[in-house]
Asks: 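Dumping the structure here so I can ask a few things about it.
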Amino acid sequence: MHSASPATTAPRLQGTAVLVVGAGIMGTGIAQVAAQAGHVVKLYDTREGAAAAACDRLAATFGDRVAKGRLEAAAAQATLARIQPVDTLDAAASVALVVEAIVEDLAAKRALFRELERVVDAGCVLATNTSSISVTAIAGGLARPGRVVGMHFFNPVPLMKLVEVVSGLQTDAAVAEAVFELSRAWGKQPVHAKSTPGFIVNRIARPYYAETLALLQEQAATPAVLDACLRAAGFRMGPCELMDLIGHDTNFAVTNSVFEANFFDKRYQPSALQREMVAGGLLGRKTGRGFYRHPDDGSTALPVALHEAPATAREVTVHGEGAIADQLEQAATRALAAQGWGPARLRASGWTGVEIDGARLVLTDGRTATELAATTGVARLAVFDRPQLPSAPAAALAYALAEQADDVWRSQAAAWLAALGHTPLPLADTPGLVVARTLAMLINEAADAVLHGVCTAEDADAAMTLGVNYPAGPFEFLARWSVSEVVALLDTLDAHYRGERYRVSPWLRRQAQRASPSRAEAS
Ligand code: NAD
């Protein structure tokens with residue numbers, strides 16, 4: 001799926017000497033993994049003493065691990081002995097691969113590659129660890145642009161398995177393949193990617209932050225609530241705590257670069273709220289304050305909500321088919337067991353959720369509770385977010401009430417969601433709530449990446465699980481959902497906000513048409 005020039009003879013990279021240029025965080029990590037895989041590694045940095053200092057830092061880290069019994073002294077010694085700090089780029093003359101990890105600046109990288117071209121052998125591969133610059137642009141103007149390839153590692157390099165092998169327009173297929181195989185030999189899980197803004201991970205991950213930032217701007221909920229909902233969906237960290245960890249300056253810069261590189265497509269528009277935070281120095285952990293205060297002053301805690309017990313019901317019916325309806329039925333059965341009766345089930349229903357004496361808890365399809373109440377004439381209505389399957393006991397779940405709802409239903413909706421095994425967290429009545437809209441947008445972005453030949457669906461899944469630890473890849477999320485429902489939800493968001501942001505990927509729409517041709521024709 002990666003675009004690359006026709007294959008030439010495959011360069012032989014295994015077991016050869018490697019030059020790493022740039023002895024910062026990434027370069028040091030890359031040198032470590034290459035040396036651990038048995039390569040002799042030369043490490044170069046323009047800053048005097050930086051390469052030697054990097055070796056000292058590695059020696060200290062290895063020393064700690066040996067002391068703790070996590071690494072054999074002999075192995076540590078052998079790895080360290082293979083890394084040699086060098087003072088000039090002349091060292092490039094004797095290597096088959098150069099990996100560049102210098103400052104993220106196109107002019108600096110181009111200048112370095114031009115200089116390297118004068119020193120290296122004809123068959124030497126030039127790899128760049130850039131996280132956002134076009135590989136095509138870095139290779140532009142070189143005598144042999146075919147040997148330039150992206151080798152995008154993730155931080156911390158020794159721990160993160162993913163390597164995006166990025167092909168620019170002129171990259172030789174054989175070069176990309178050789179770097180792919182080499183990454184495997186280094187214990188990594190490589191994926192092929194086409195050089196496009198953000199490559200795979202930094203592109204597909206944008207909505208994870210953007211949807212939460214949009215919800216915050218709409219004052220739909222607090223950072224703690226949004227984080228709790230996405231953690232309950234299986235993500236290791238919520239978007240707010242993650243942005244605080246990454247640093248809002250870095251996160252904002254990546255979003256901006258993807259936005260600009262896409263000719264200011266509104267789909268990728270950065271958040272004014274985040275710009276304000278960056279301008280004010282609220283960068284997250286590194287400045288002690290982002291969405292939260294660091295160290296935590298309790299602002300990450302959720303408000304403690306006390307739910308009254310659900311009133312005794314006369315009739316409870318679980319609506320809909322599928323795994324979420326099944327989970328609801330089990331939960332309702334448990335909730336009603338004490339009273340000695342169970343829920344009815346109506347599979348052939350137009351909606352998924354639970355009906356309690358005519359009041360409705362409806363799984364979000366993108367429409368707001370207020371809109372659903374208006375169209376159905378049911379004022380006692382609330383929508384709830386997509387739960388994870390199976391849901392952990394008392395997992396956070398966002399819900400929103402219809403504006404038409406009376407005071408009794410306002411407390412009973414939460415009481416019933418709690419009785420069904422969740423921790424209900426109220427949100428303003430926003431379309432698609434938190435998890436549903438975030439997952440739909442991740443799926444949509446991944447679909448466009450596949451449409452544009454950036455990567456395969458399998459590689460998108462691998463990249464998101466390995467590169468940013470998502471609990472599942474976007475296409476795995478899609479497989480657990482329904483393509484027509486995802487498209488319908490996005491269309492609803494699109495109609496609600498009227499902009500380019502929620503525009504459905506043609507790839508996804510085509511899948512939906514294939515899945516249900518009659519419905520697609522009708523709409
Ligand atoms: P860093 O600032 O820690 O290290 C960069 C090093 O390069 C510095 O030691 C600097 O002295 C040296 N340097 C600068 N210009 C040089 C030149 N012309 N020749 C030789 N050495 C030079 O940066 P980093 O975080 O290690 O990032 C390096 C590259 O890796 C960037 O392109 C960055 O976008 C990319 N990257 C970073 C991360 C991350 O999380 N930090 C992740 C993936 C990719």
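Just so you know, ligand 1 is whichever comes first in the structure, and atom 1 is the first atom listed for that ligand. All residue numbers refer to positions in the sequence shown, counting from 1. Note that this is a predicted model, so its numbers are computed, not measured.
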Asks: Could you check whether F235 and Y208 have their ring centres less than 6.0 Å apart?
Replies: yes
Asks: Once you restrict to heavy atoms under 4.0 Å, what part of F153 touches ligand 1? Side chain, backbone, both or neither.
Replies: backbone
Asks: So if I count the atoms of ligand 1 from 1 in the order they appear, which ones are less than 4.0 Å from some heavy atom of G22?
Replies: 7 (O), 21 (N)
Asks: Identify the heavy atoms of Q388 and A232 that sit nearest to each other, and give their distance.
Replies: OE1-O, 3.3 Å
Asks: In terms of residue, atom name and distance, what is the protein heavy atom nearest to atom 12 (C) of ligand 1?
Replies: D45 OD2, 3.2 Å
Asks: Where do A436 and D385 come nearest, in terms of heavy atoms and distance?
Replies: N-OD1, 2.9 Å
Asks: Checking side-chain contact (heavy atoms from CB on, under 4.5 Å) between T212 and each of C240, S271, C229, P207, which is the one that passes?
Replies: C240
Asks: Taking all heavy atoms of A447 and all of L508, pick out the closest pair and write down the distance.
Replies: CB-CD1, 4.1 Å
Asks: Just which atoms of ligand 1 are under 4.0 Å from any heavy atom in V21?
Replies: 19 (N), 20 (C)
Asks: Using every non-hydrogen atom in the two residues, find where Y44 and V86 come nearest and quote the distance to one decimal.
Replies: CD1-O, 3.5 Å
Asks: Does the side chain of H152 come within less than 4.5 Å of V163's, by heavy atoms?
Replies: no
Asks: Report, as yes or no, whether the 6.0 Å neighbourhood of atom CD on E260 holds more than 12 heavy atoms from other residues, nucleotides or ligands.
Replies: yes
Asks: Starting from atom 24 (P) of ligand 1, which protein heavy atom do you reach first, and at what distance in Å?
Replies: M26 CG, 3.8 Å
Asks: Check the orientation of F259 and F264. Use parallel for under 30°, tilted for 30 to 60°, and perpendicular for over 60°.
Replies: perpendicular
Asks: Of all the non-hydrogen atoms in the protein, which one sits nearest to atom 4 (O) of ligand 1, and at what distance?
Replies: G24 CA, 3.2 Å
Asks: Please work out which of H152, E104, R47 has its closest non-hydrogen atom nearest to atom 32 (O) of ligand 1.
Replies: E104
Asks: If you scan the protein for heavy atoms around atom 2 (O) of ligand 1, do you find one that is closer than 4.0 Å?
Replies: no
Asks: Is the NZ or CZ atom of R110 both under 6.0 Å from the centre of the six-membered ring of F113 and within 45° of that ring's axis?
Replies: no
Asks: Measuring from atom 28 (C) of ligand 1, which candidate in I102, N129, V103 has the nearest non-hydrogen atom?
Replies: I102
Asks: Of all the heavy atoms in A50, does at least one lie under 4.0 Å from an atom in ligand 1?
Replies: no
Asks: Where is the nearest protein heavy atom to atom 22 (C) of ligand 1: which residue, which atom, and how far?
Replies: T46 OG1, 3.2 Å
Asks: Would you verify that at least one protein heavy atom lies under 4.0 Å from atom 36 (N) of ligand 1, or report that none does?
Replies: yes
Asks: Measure the distance from atom 23 (O) of ligand 1 to every protein heavy atom, then report the residue, atom name and distance (to 0.1 Å) of the closest one.
Replies: I25 N, 4.7 Å
Asks: Which residue and atom name correspond to the protein heavy atom nearest atom 5 (C) of ligand 1, and how close is it?
Replies: A101 O, 3.8 Å
Asks: Is L112 close enough to touch ligand 1? Criterion: a residue heavy atom under 4.0 Å from a ligand atom.
Replies: no
